[in-house]
Undergrad: 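Handing you a structure now.
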Number of protein chains: 2
Amino acid sequence: MRSLGHQIVAEFYGCDKALLNDVAYIRNHMLEAAVKSGATIVTETFHHFSPHGVSGAVIIAESHLAIHTWPEYGYAAVDLFTCGDSVSAETGFNHLREALVAGHVSTMEVHRGQIDMMSVAEDKQPAMKLAIG
Amino acid sequence: MRSLGHQIVAEFYGCDKALLNDVAYIRNHMLEAAVKSGATIVTETFHHFSPHGVSGAVIIAESHLAIHTWPEYGYAAVDLFTCGDSVSAETGFNHLREALVAGHVSTMEVHRGQIDMMSVAEDKQPAMKLAIG
């Protein structure tokens with residue numbers, strides 16, 4: 001299936017709870033995951049919540065990485081969305097899995113922007129517009 | 001199924017190509033989608049790519065909204081990740097669908113952080129650690 005992007009939706013359970021609450025640690029390892037995966041970092045933003053929890057996103061030239069942590073549950077939700085053939089979302093995933101000391105992981109992989117769907121969408125444009133185009 | 005978060009993975013096809021390339025427009029409507037959905041905006045970052053395309057993320061107190069646009073294909077990938085009962089990801093989704101004048105949309109909904117999985121993860125901790133705890 002030809003698609004523009006590839007997304008790993010990852011659930012990290014049984015992680016180190018203290019690390020999940022350390023915004024500097026999470027940020028550093030998200031950036032390192034991006035670099036190791038071969039991505040080009042464009043911009044990033046991270047936030048520590050009171051009393052606990054970290055959220056953040058790294059916009060890369062090839063889409064984004066995002067994380068939300070629930071230290072009280074030892075759980076982190078991680079999304080690794082990449083496009084192009086030069087970036088390995090799997091490498092970023094493996095880096096974060098080790099960094100967060102995840103006990104149990106589940107993943108789902110999604111093809112984003114299916115090329116075949118684009119012509120379907122074009123077909124749904126009003127006939128007049130197609131005639132003009 | 002009890003879960004911490006709810007994610008709408010949305011594919012917007014056949015969108016207005018000029019709007020998809022307008023970073024100010026995309027940013028404004030992502031922020032408006034967050035506000036309309038009842039979310040509390042924490043931080044955000046958006047970027048316009050050369051020659052075309054916009055990427056951005058809005059970190060909300062209840063997780064995040066993210067977008068990547070491919071104006072040349074009339075396509076946008078949108079993720080709306082929320083937690084708690086007070087935020088409606090659907091409202092944000094509907095706002096963006098209208099704002100981007102999407103011709104065809106497909107969505108997938110994912111439960112993130114399944115509460116039942118947390119005990120499974122705990123069980124996978126080393127026995128010694130459980131004995132000490």
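Values below: every heavy atom of this structure, side chains too, minus hydrogens, waters and symmetry copies. Since the structure is predicted, the reported quantities are computational estimates derived from the model, not experimental observations. Order of the sequence lines sets the chain letters (A, B, ...), proteins ahead of strands, with each chain counted from 1.
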Undergrad: Which atoms of B:Phe81 are under 4.5 Å from chain A, going by heavy atoms: the side chain, the backbone, both sets, or neither?
TA: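 Just the side chain, heavy atoms under 4.5 Å.
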Undergrad: Between A:Gln7 and chain B, with a heavy-atom cut-off of 4.5 Å, which part of the residue counts as in contact: side chain, backbone, both or neither?
TA: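 Side chain only.
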Undergrad: Quick one: what part of B:Val110 sits under 4.5 Å from any heavy atom of chain A, side chain, backbone, both or neither?
TA: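 Interface part for B:Val110: side chain.
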Undergrad: Less than 4.5 Å apart, side chain to side chain, heavy atoms only: is that true for B:Leu4 and B:Arg112?
TA: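 They are not in contact (no side-chain heavy atoms under 4.5 Å apart), so the answer is no.
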Undergrad: Tell me, out of B:Cys83, B:Ala102, B:Ala77, who's got the most heavy-atom pairs with chain A below 4.5 Å.
TA: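 Most heavy-atom pairs under 4.5 Å with chain A: B:Ala77.
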Undergrad: Under 4.0 Å between a side-chain nitrogen and a carboxylate oxygen: does that hold for B:Asp22 and B:Arg27?
TA: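 The answer is no: the pair does not qualify as a salt bridge.
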Undergrad: Between B:Phe12 and B:Leu96, is any pair of side-chain heavy atoms under 4.5 Å apart?
TA: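 B:Phe12 vs B:Leu96: side chains touch.
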Undergrad: Taking every heavy-atom pair that is under 4.5 Å apart, which of A:Ala66, A:Ser63, A:Ala76 has the most such pairs with chain B?
TA: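 If we count pairs closer than 4.5 Å to chain B, A:Ser63 comes out on top.
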Undergrad: With a 4.5 angstrom heavy-atom cut-off, which part of A:Ile60 approaches chain B: side chain, backbone, both or neither?
TA: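 Looking at A:Ile60, just its backbone touches chain B.
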Undergrad: Please set out all donor-acceptor pairs under 3.5 angstrom arising from side-chain atoms of residues 47-59 of chain A, sequence neighbours excluded.
TA:
{"from": "A:His48", "atom 1": "NE2", "to": "A:Asn21", "atom 2": "O", "distance (Å)": "3.4"}
{"from": "A:His48", "atom 1": "NE2", "to": "A:Asn21", "atom 2": "OD1", "distance (Å)": "3.0"}
{"from": "A:His52", "atom 1": "ND1", "to": "A:Glu72", "atom 2": "OE1", "distance (Å)": "3.3"}
{"from": "A:Ser55", "atom 1": "OG", "to": "A:His68", "atom 2": "ND1", "distance (Å)": "2.7"}

Undergrad: Is there a donor in the side chain of A:His111 and an acceptor in the side chain of A:His6, or the other way round, less than 3.5 Å apart?
TA: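 Per modelled atom types, A:His111 and A:His6 side chains form no pair under 3.5 Å.
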